[in-house]
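Below you'll find the structure, written out as structure tokens, and then a few comments.
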Number of protein chains: 2
Amino acid sequence: MPRGRPRLFNPDKALDAALMLFWRHGYEGTSLAALAEAMDINMPSLYGAFGNKESLFRKALVRYIERPASYLSNALKTPDVRLAIRKMFQGAIDMVMEPGHPDGCLLVQGALASGPASEWVRRELSQRRAGAEAAVRRRLERAVDEADLPASTDPARLARYLITVLWGMSVQAAGGATREQLLDISNHALRALPPDHKVAKLSLHSA
Amino acid sequence: MPRGRPRLFNPDKALDAALMLFWRHGYEGTSLAALAEAMDINMPSLYGAFGNKESLFRKALVRYIERPASYLSNALKTPDVRLAIRKMFQGAIDMVMEPGHPDGCLLVQGALASGPASEWVRRELSQRRAGAEAAVRRRLERAVDEADLPASTDPARLARYLITVLWGMSVQAAGGATREQLLDISNHALRALPPDHKVAKLSLHSA
DNA sequence: TTATTTATGTAATGCTCGCTATAATATGTA
DNA sequence: TACATATTATAGCGAGCATTACATAAATAA
């Protein structure tokens, strides 16, 4: 039903290619020439379909969260908190270790620092990271409500710590950390969770 | 005693200004025009005194490690391991929170990702981060040798974890974390250290 | 058909990038 | 003084940047 000439390329595939490049080289390190080549389209088509560089990056960022980084929201849906957090780390490691994937998280690698012209990238990524931290915090709050974590737990502080380790793992991945090393780090972080006393409590009640 | 015309600027001050800019905006986000303006010199003077952009960055990086980031090597000199690690985190927080300082660590903010032309920056910073991790590891090894930490401690893995949290704190700082929040994170991380049993041991011996 | 609409291919826009040629200026040495 | 040396100031270099005219090609609507 579209009116004019149909496009010869697949916008989703093209966006995936763009995401890969932004992810690997960061916002400022990725040129439109390189993008057009990787997306296998020419520049007018790129601008027609995705707008300018900023618009393209925003679309790629949304796609990143929806697809390769969906492990986060998925993991947090797990009924058991401890398993949920474990899945979060496992998912992050799996994503980073996916063959052909850049080493690290786009929310961290995209731009921690930037030139004056692209400060909005820093802010945008910072907000997205804050969003991820808030999601973890809400999950911990739920766990406290459900008595899955002791009432003495401070969800905001614990979430901040766990997500800090996750960002640190992204930095380590950029330095070439192996899957085993990242797993070891996440196992260390998991000890920050209050130990599970449910079994003990249950046996106490049943006694 | 120099033969020709003496330079009108202070090279150390100029290098500090360059460091500040690289630190805040990253390698690719910092232009030579901006550098020359901040250093208050013109381009031929810049090239005469510091070489090209790569050379200038390398000099700024060395200076960074020698001066604002010297807290690391200083902290690790502390006789008590636990205090040494605590001082490491405290020093990092103090550095980041210094008024007018960029938010984060140059080894992290400088370039986690980069365009193909400046991949050497990624590698260089990655190596420096590895160097910092190795310094912590050696300190922990020493602590095990001195029975300051139990023999069951794995210095490499513990060092990797602690430094991962430090890099994560740098990411959090880039997102605007407060001193209190960073302190809370570091306090969490310190619990990864095996508890100090020396007092108990001593009282056992003295009993 | 003709007109309209949209995508494509080529090429060029103005701008900033890192870098340098040229000339003038200020010191020390002969 | 005259020369050699080094720093300064101005201005410009080619290359790459993001972005866009312009003309052509392929679809629908009349």
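Lettering of chains follows the sequences in order, A, B, ..., and the numbering in each one begins at 1. The basis for the numbers below is simple: all heavy atoms, side chains too, and nothing from hydrogens, waters or symmetry mates.
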message: Between the base of C/dT6 and the side chain of A/R3, is there a donor and acceptor pair under 3.5 angstrom?
response: no

- prompt: Within the structure shown, what part of the strands sits under 4.0 Å from A/P44 by heavy-atom distance: base, sugar-phosphate, or nothing?
  reply: base

field: Reported NZ-to-CD distance for the pair B/K59 and B/E54, which is rounded to 0.5 angstrom
entry: 10.0 Å

query: Salt bridge check: are B/R137 and B/E133 linked by an N-O gap of less than 4.0 Å?
result: no

message: Quick check on C/dA7: is either OP1 or OP2 less than 4.0 Å from any side-chain nitrogen or oxygen of A/S45?
response: no

- request: Consider the side chain of B/S31, meaning its heavy atoms from C-beta on, and name the nucleotide among C/dG18, C/dG9, C/dA26 that approaches it most closely.
  value: C/dG18

- request: Using a heavy-atom cut-off of under 4.0 Å over every strand shown, decide if A/I41 touches base, sugar-phosphate, or nothing.
  value: nothing

field: Atom pair distance, as rounded to whole Å: CZ in B/R5 and P in D/dA9
entry: 7 Å

message: Between C1' on C/dA7 and CE on A/M43, what's the gap in Å once rounded to a whole number?
response: 15 Å

Any side-chain heavy-atom pair of A/S170 and A/V96 under 4.5 Å: no

query: Taking the side chain of B/N42 as heavy atoms from C-beta outward, which of D/dA9, D/dA4, C/dA26 is closest to it?
result: D/dA9

task: Give the ring-plane orientation class for B/Y27 versus B/F57, where under 30° counts as parallel, over 60° as perpendicular and anything between as tilted.
output: perpendicular

query: With a non-hydrogen cut-off below 4.0 angstrom, is B/S118 in contact with a base, only sugar-phosphate, or nothing?
result: nothing

